[in-house]
Number of protein chains: 2
Amino acid sequence: MPDEQPSPGRTREPTLDEQIAIYQREYGDLDPQVEKVVNALSRLDRRMSVAYGRQLATLGLNQAEWEVLKQLVMAGEPYRLGPGALAKRLGLTPAAVTHRMDRMVATGLVTRERDENNRVRVIVELTDEGREKWLQVMRMASAFEEDLLQDLSSEERGTLGELLTRLLRRVEDAQPDADGRLSDLD
Amino acid sequence: MPDEQPSPGRTREPTLDEQIAIYQREYGDLDPQVEKVVNALSRLDRRMSVAYGRQLATLGLNQAEWEVLKQLVMAGEPYRLGPGALAKRLGLTPAAVTHRMDRMVATGLVTRERDENNRVRVIVELTDEGREKWLQVMRMASAFEEDLLQDLSSEERGTLGELLTRLLRRVEDAQPDADGRLSDLD
DNA sequence: TATGTAGTCTTTAGCGTCGAACCTTTACTT
DNA sequence: AAGTAAAGGTTCGACGCTAAAGACTACATA
């Protein structure tokens, strides 16, 4: 017989509620209401990332490239940023940005050249192709997000946004710059 | 003078509301309410991860080790799982789990041995030291989470939990197993 | 003009993960 | 029994990130 429950137990992992029940059993001092919010939040973010990643793949992009496109567009016309500024916004080290730009220049999403006014600086600029990719992703993403929130009424969406914003404010005020570099993170 | 605004503009990145305003300007077809929810969510998760990472570091743990401890405890007594099951729960390839176990066995957080009843299998088991670390993290984490939600009333916490759960349900139903491996992810 | 100093990016070495090939043990088939 | 397929882990090669060291430019001071 195909062994039923030997030591390395069944593979299926718990749902959110099951998971919280387990936490309660293993560690009594836990507020289930708090736990539910926090765990739902992180699960949701992971699921969304996975879904996002799939959509990006259909456009021939990966998550890393998408993050860069986003930041460049967010910087506004003329869609330029230095590697250092990009590093801060992406939460990466400057070294990682150097390598990432190597690849993205090769795939034609951005250009990289020295700043003529200050030759120690480098300017990364979005190409037309990069801008076009950004638009394509936005079209997919907004459809996906709208679909995700479909079950919520407009009032509920407002409430959710407001509650999340309050949490965000708390966490952003709380860790101003304990490290000095991660403060400017996202 | 230290150049005011040459090409690579000021370093400071936008707040959530600024960011949404920019998106609106760059891509008109966007529901600001939806955008606020989605972006607040991902920002919040990132900020929490960073905060978590700092706390773990003070206990000599990294994020990777913490994820493993969590899964083993969540599996319940006797806190055992096979590498394959761990891989699924962690969202990693089996190869990555092999290496991660190498390290965690070396640091004494888990043990690894072959299953005598089925010698193709391997059993990873939490050590007492690993269990103790898990407890320490839980103490810190629950305090942090309680602090994070401090500004919300019990009713608001309930509302937030319920709204997030509904979103989660939607995204979990929507992507049952497009890939066949990520389905069993978290 | 020369020199120190700070700022900006790149290079280097090491680590963790992935995808794919490989090996071992178990289960099924005839 | 023997042979084949399937399942569970490990090994190998490549890639992307980090931390630390290096290179280059601009600016202040003497």
Side-chain angles (χ1 to χ4, degrees), chain A residues 1-4 6-11 49-50 53 57 61-68 80-107 110 112-124 179-182 184-185, chain B residues 1-4 6-11 49-50 53 57 61-68 80-107 110 112-124 179-182 184-185:
Chain A
M1 84 186 84
D3 51 5
E4 259 318 287
S7 279
R10 309 315 317 120
T11 292
S49 294
V50 171
L61 286 177
N62 59 37
Q63 189 79 34
E65 292 164 332
W66 168 239
E67 292 292 333
V68 173
R80 295 175 166 187
L81 282 169
L86 269 173
K88 270 189 194 140
R89 288 167 160 78
L90 295 169
L92 299 176
T93 60
V97 172
T98 294
H99 299 314
R100 206 179 265 198
M101 291 309 103
D102 289 346
R103 283 166 258 145
M104 291 184 70
V105 167
T107 59
V110 302
R112 172 171 49 182
E113 51 187 35
R114 302 210 84 86
D115 183 340
E116 284 309 322
N117 300 33
N118 185 342
R119 304 182 43 72
V120 77
R121 290 190 171 172
V122 170
I123 299 177
V124 175
D179 171 309
R181 201 158 51 82
L182 290 170
D184 207 17
L185 195 143
Chain B
M1 87 186 83
D3 52 6
E4 258 320 287
S7 281
R10 305 318 314 121
T11 292
S49 294
V50 171
L61 287 176
N62 61 38
Q63 189 80 33
E65 293 163 332
W66 168 238
E67 293 292 333
V68 174
R80 295 176 167 186
L81 282 170
L86 268 172
K88 269 188 195 141
R89 289 168 159 76
L90 294 168
L92 298 177
T93 61
V97 172
T98 294
H99 297 314
R100 207 179 265 199
M101 291 307 104
D102 289 346
R103 285 166 256 145
M104 291 183 70
V105 166
T107 59
V110 302
R112 172 172 50 184
E113 52 186 34
R114 301 208 85 86
D115 183 340
E116 284 309 322
N117 300 31
N118 185 341
R119 303 183 42 72
V120 78
R121 289 190 172 171
V122 169
I123 300 177
V124 174
D179 170 310
R181 202 157 51 81
L182 289 172
D184 206 17
L185 195 144

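Keep in mind that this is a model prediction, so the values were computed, not measured. Within every chain, numbering begins at 1; the chains are lettered A, B, ... in the order of the sequence lines, protein sequences first and strands thereafter.
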**Student:** Going by side chain to side chain contact (heavy atoms under 4.5 Å, CB included), Arg89(A) matches just one of Val68(A), Val97(A), Leu81(A). Which one?
**Tutor:**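 Going through Val68(A), Val97(A), Leu81(A) one by one, the side chain to side chain contact (heavy atoms under 4.5 Å, CB included) with Arg89(A) is satisfied by Leu81(A) alone.
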**Student:** Can you check the Asp102(A) CG to dC15(D) P distance for me, whole Å?
**Tutor:**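 For the pair Asp102(A) CG and dC15(D) P, the rounded distance is 13 Å.
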**Student:** Both Arg119(A) and Ala96(A) contact DNA chain D. Which one's nearest nucleotide lies toward the 5' end?
**Tutor:**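 Taking each residue's closest nucleotide, the earlier one in sequence belongs to Ala96(A).
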**Student:** Compare the minimum distances between each of dC18(C), dT18(D), dT17(C) and the side chain of Thr93(A), then state the nucleotide with the smallest one.
**Tutor:**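 Looking only at side-chain atoms, Thr93(A) lies closest to dT18(D).
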**Student:** Tell me the interatomic distance from His99(B), atom NE2, to dG13(D), atom P, rounded to whole angstroms.
**Tutor:**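 Value for this atom pair: 12 Å.
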**Student:** Got a second to check how far Leu90(A)'s CG is from Glu67(A)'s CD, nearest 0.5 Å?
**Tutor:**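 The CD atom of Glu67(A) is 6.5 Å from CG of Leu90(A), to the nearest 0.5 Å.
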**Student:** Counting any heavy atom closer than 4.0 Å, what does Arg112(B) reach on the DNA or RNA strands: base, sugar-phosphate only, or nothing?
**Tutor:**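 Result for Arg112(B) = sugar-phosphate.
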**Student:** Which angle, rounded to 10°, do you find between the first-five-pair axis and the last-five-pair axis of the helix from dT1(C)-dA30(D) to dT30(C)-dA1(D)?
**Tutor:**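 Rounded to the nearest 10 degrees, the bend comes out at 0°.
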**Student:** Any side-chain N or O of Arg103(B) under 4.0 Å from OP1/OP2 of dT17(C)?
**Tutor:**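 Yes.
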**Student:** Return the value, rounded to whole Å, for the distance between atom CG of Leu90(B) and atom C1' of dC18(C).
**Tutor:**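 Distance check: Leu90(B) CG to dC18(C) C1' gives 15 Å.
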**Student:** Would you kindly give the CE-to-P distance between Met101(B) and dT11(D), to the nearest whole Å?
**Tutor:**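 In whole Å, dT11(D) P lies 14 Å from Met101(B) CE.
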**Student:** Checking contacts here: which listed nucleotide (dT10(C), dC17(D), dG9(D)) is nearest the side-chain heavy atoms of Pro94(A)?
**Tutor:**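 Closest of the options to the side chain of Pro94(A): dT10(C).
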**Student:** In whole angstroms, how far is the C1' atom of dC17(D) from the CD atom of Glu65(A)?
**Tutor:**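 Spelled out: CD on Glu65(A) to C1' on dC17(D) is 16 Å.
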**Student:** To the nearest 0.5 Å, what is the distance between CE on Met104(B) and CG on Asn62(B)?
**Tutor:**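 One gets 8.0 Å once the value is rounded to the nearest 0.5 Å.
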**Student:** Contact between Val110(B) and Val105(B) at the side-chain level, heavy atoms closer than 4.5 Å - yes or no?
**Tutor:**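 Yes, their side chains come closer than 4.5 Å.
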**Student:** Nearest whole Å is fine: how far is dG9(D) P from Arg121(B) CZ?
**Tutor:**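 The distance from CZ of Arg121(B) to P of dG9(D) comes to 7 Å, rounded to the nearest Å.
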**Student:** At 4.0 Å (heavy atoms only), tell me whether Ala95(A) reaches a base, stays on the sugar-phosphate, or touches nothing.
**Tutor:**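 Base, at least one base heavy atom under 4.0 Å.
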**Student:** Which residues pass the salt bridge (Lys or Arg N to Asp or Glu O under 4.0 Å) test with Arg103(B), not counting sequence neighbours?
**Tutor:**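 Arg103(B) satisfies salt bridge (Lys or Arg N to Asp or Glu O under 4.0 Å) with no other residue.
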**Student:** With nearest nucleotide decided by heavy atoms, which residue, Val97(A) or Val120(A), maps closer to the 5′ end of DNA chain C?
**Tutor:**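 Its nucleotide being nearer the 5' end, the pick is Val120(A).
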**Student:** Which residue lies toward the 5' end of DNA chain D, Glu116(A) or Pro83(B), if each is placed at its nearest nucleotide?
**Tutor:**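 Per heavy-atom nearest nucleotide, the more 5' residue is Pro83(B).
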**Student:** Report yes if some heavy atom in the side chain of Leu86(B) is under 4.5 Å from a heavy atom in the side chain of Arg100(B); otherwise report no.
**Tutor:**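 Of all side-chain heavy-atom pairs linking Arg100(B) with Leu86(B), none is under 4.5 Å.
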**Student:** Starting from P on dC27(D), measure out to CG on Asn118(A) and report it in whole angstrom.
**Tutor:**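 Atom-to-atom, Asn118(A) to dC27(D), this comes out as 7 Å.
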**Student:** Which whole-number value in Å describes the distance from Leu92(B) CG to dG9(D) C1'?
**Tutor:**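 In whole Å, dG9(D) C1' and Leu92(B) CG are 15 Å from each other.
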**Student:** For Arg114(A) versus Val120(A), what's the shortest heavy-atom pair and its separation?
**Tutor:**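 Minimum heavy-atom contact is NH2-O, 3.6 Å.
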